[in-house]
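Taking it in order: structure first as structure tokens, then the write-up.
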Amino acid sequence: MIPDSFIQELLARVDIVDVVGRYVKLRKGGANLLGLCPFHNEKTPSFTVSPTKQFYHCFGCGAHGTALRFLTEHTGAPFPEAVRSLAASVGMTVPEEPRSPRQRAAERERREEGSRQQRILDQAQAHYRAALKQAPEAIEYLKRRGLSGEVAARFGLGWAGRDRRGLAAVFTHYEDPALLESGLVIESEDGRRHDRFRGRIMFPIHNQRGQLIGFGGRLIEPGEPKYLNSPETSLFSKGSELYGLHEARTGIRAEGCVMVVEGYMDVVALAQYGLNNAVATLGTSTTPEHLRKLRRASDRIVFSFDGDGAGRKAAWRALQACLPWVAEDISMRFLFLPEGHDPDSYVRAHGIQALRAYLDEAIPLSRFMLDELGSRHDLGEAEGRAACVHEARPLFAQMPEGGFRLQLEREFARLVRLTPEELSQLLAAGQAAGEGRPAGQGGAPGPGASSPARFSSPEGPHAAAPEGAAWLDSEDPGAGASLDAIPPWLDQAPPRAARESGRRPRRAGGSRQVTPMARRLLRLLLAHPGLVAGLGDQQLELLAHHPHLGLVRELIGLASACGAAHAGALLQAAEPESDLARAIQDLSTELMAQDLPDPQAEWDDALRAIERQAVQDQCDRLIASGLATAEDRRRYQELSRRLARLKAGVG
């Protein structure tokens, strides 16, 4: 393993501008550099690189990271390879942490297994392609479907014959366990083996780097299952992959959108007619990982479904998967073809121009959601409208705060005959009661998340102050803090003031409260990690006793432990999928614009504000008690003097 200390030293010596500049044409844009994002299709530059913070951020698709992450995401290089490449560019040699013989053997075995599976799949693909040329019935089937030899070759189509053990001609050691692990062979209970794919047109499935990771097979005669995929393997996970995404890269850029269809044949048939921007899910509903890849591919996504009941249900499931990703800068639409048609049959019957006309009329996600909700309830009666609001609560709860959600809430309020304020209060009440969360979860995952996993912390919105913190023993430590700026990467139950006023704090990924002050301190530390070195004992004690600065304390600990020199290094060092990593990601956009003339003075002022609020809270509490004892009066006078000094800026 590569030591973390080396990673930090490497990031301190590498300039991200040089690394990104090899792949993206950058131009000066104030303190940062701008370019066209390499991770999604765009015409106006939204990809920003910060020389001072040493990370990149795309304001269009949300891609962000360090020089190392750029190499792994853009070039597809494995992390160790990216580290070695960067190290070589600055004359550094990568050290390896000592590992036991068992660890080295396990690592070598994992590499060899992946490489061996890749070779096996490649051999099988060569066999399937050669077999297609010798299979008149398969060729005739493809011709009936309107496919030319050129398109079949472009997508690497093949043929798995009907022989029960056809691959035995390719793999002389048919009993090799690797054939089972690669998903090409099935072993029955009695130990006998046979090919998984027989009598099927074979569709090779590639990952985004173009590597073969599995197969899909379609029967050419009646039978079930019509479509069959490779099983889950170390290389292939159907919930993470989209058929045709690698092949559609150029088409997506040319068309300015990506079209999501339901089957391999739809993708290939549309390509035959000149529509080269289609991809397909592999027999599963749309997943968060699918959405992440689609969002990277384009800021315009069109889901195509059959117009029958099953198609509408599939579209509704896709809509729910899309909700955590809705935003002002992305268009998600739904296309419903006439009943009895899929894209393949429709384009063969009516031609590509008719399909393009349908594409132009695809309905936006907002309209589909409102129409579908309205069709499920009798909106002419109060009971129906109330039930409609009840069903809509978990849908709105999954959406990030922003202009899109605000617009949709207003349209929905008109639909159910409520004012926006009344609807807001009802949605907030549902969230406070836990009704706005999907079953079994604490909320919906946000776009920066790599999975819907949850995380939690003992620091809740009403966490008690630690023992010994005499100056911060109010009943409600969060009292007086504004909730308007609570970021979408942290989740909390609304404090009392929010519930009473109907205001809704933003929700997503976790269960910890972050006040605007905590956000201010996080921004300062991320932009200027050197502030950590100047923290004194009194400041550390002040931060340690505050119940809502847990992330700030974590960031201080991380910066102290790794010695990060800039925000990019902190981002690299943070544990993936942790609260802190999500916080850093969320703050990336703000860090791009932050350029304080005196960060130390800003930091000191923030800490004075924290202490000032704590002292003021205790004074208020003493006054409320009536200053009944001499000790209370003495304590109040002492605190009042301290408060006066803090307000004067001399504390």
Side-chain angles (χ1 to χ4, degrees), residues 76-81 99-135 137-138 152-153 155-220 223-243 246-247 264 282-284:
F79 183 78
E81 182 182 321
R99 291 178 295 170
S100 68
R102 178 180 296 180
Q103 289 174 319
R104 289 195 297 270
E107 176 63 26
R108 184 168 57 252
E109 186 178 340
R110 282 194 297 271
R111 288 198 302 266
E112 290 175 354
E113 180 185 350
S115 177
R116 190 177 186 192
Q117 281 197 28
Q118 197 77 64
R119 291 197 301 271
I120 287 174
L121 293 176
D122 287 339
Q123 285 180 264
Q125 167 65 354
H127 167 72
Y128 292 142
R129 292 194 66 174
L132 178 61
K133 298 176 183 178
Q134 308 300 321
E137 57 183 332
F155 283 88
L157 302 191
W159 169 249
R162 293 182 174 81
D163 189 340
R164 186 173 176 82
R165 293 166 59 96
L167 289 177
V170 182
F171 303 100
T172 53
H173 185 29
Y174 193 71
E175 305 304 316
D176 188 341
L179 291 178
L180 279 177
E181 294 162 5
S182 65
L184 293 173
V185 167
I186 296 175
E187 188 171 80
S188 58
E189 292 182 1
D190 60 6
R192 291 187 295 181
R193 292 187 173 192
H194 59 85
D195 292 359
R196 177 179 299 274
F197 300 101
R198 302 191 307 276
R200 295 176 182 270
I201 299 293
M202 297 299 290
F203 296 78
I205 302 169
H206 300 90
N207 62 19
Q208 286 181 282
R209 298 195 295 272
Q211 296 171 320
L212 180 62
I213 57 175
F215 292 96
R218 192 199 190 286
L219 288 174
I220 64 173
E224 293 294 336
K226 183 189 298 185
Y227 287 100
L228 181 65
N229 291 320
S230 290
E232 300 284 311
T233 69
S234 59
L235 296 179
F236 175 68
S237 173
K238 63 182 179 181
S240 301
E241 302 299 335
L242 290 160
Y243 175 73
H246 175 72
E247 293 83 353
Y264 328 112
L282 296 166
T284 66

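The distance from the CZ atom of Arg200 to the CZ atom of Arg198 is 9.0 Å, given to the nearest 0.5 Å. Rounded to the nearest 0.5 Å, atoms CG (Asp176) and CZ (Arg116) are 4.0 Å apart. The structure places CZ of Phe197 at 11.0 Å from CG of Leu219, a figure rounded to the nearest 0.5 Å. The structure places CZ of Arg165 at 8.5 Å from CZ of Arg193, a figure rounded to the nearest 0.5 Å. Here the straight-line distance linking atom CZ of Phe236 with atom CG of Leu121 works out to 10.5 Å at 0.5 Å rounding. Between the CD1 atom of Ile186 and the CG atom of Leu184 there is a distance of 10.0 Å, given to the nearest 0.5 Å.
In plain terms, the two heavy atoms of Arg196 and Leu228 that are nearest each other are O-CD2, 3.6 Å. Nearest heavy atom pair, residue Ile120 against residue Ser182, reads CG2-OG, 3.7 Å. The two atoms that bring Gln117 and Ser234 nearest to each other are NE2-OG, 3.3 Å, heavy atoms only. Residue Ala138 comes nearest to Leu132 through the heavy atom pair CB-CD1, 3.7 Å, listed as atom of the first residue, atom of the second, then distance.
Counting only heavy atoms from C-beta outward, the side chains of Glu137 and Trp159 approach each other to under 4.5 Å. Side-chain contact check for Leu167 versus Leu179: every heavy-atom pair is 4.5 Å or farther apart. Residues Asp122 and Leu212 form a side-chain contact, since some pair of their non-hydrogen atoms from C-beta on lies under 4.5 Å apart. Looking at Asn229 and Phe215, their side chains never come closer than 4.5 Å, going by heavy atoms from C-beta outward.
With Gln211 contributing its side chain and Leu235 its backbone, the two residues share no donor-acceptor pair below 3.5 Å.
Applying the salt bridge (charged side-chain N to carboxylate O under 4.0 Å, His left out) definition to pairs two or more places apart or across chains, none involves residues 226-238.
The aromatic ring centres of Tyr264 and Phe155 sit 6.0 Å or more apart.
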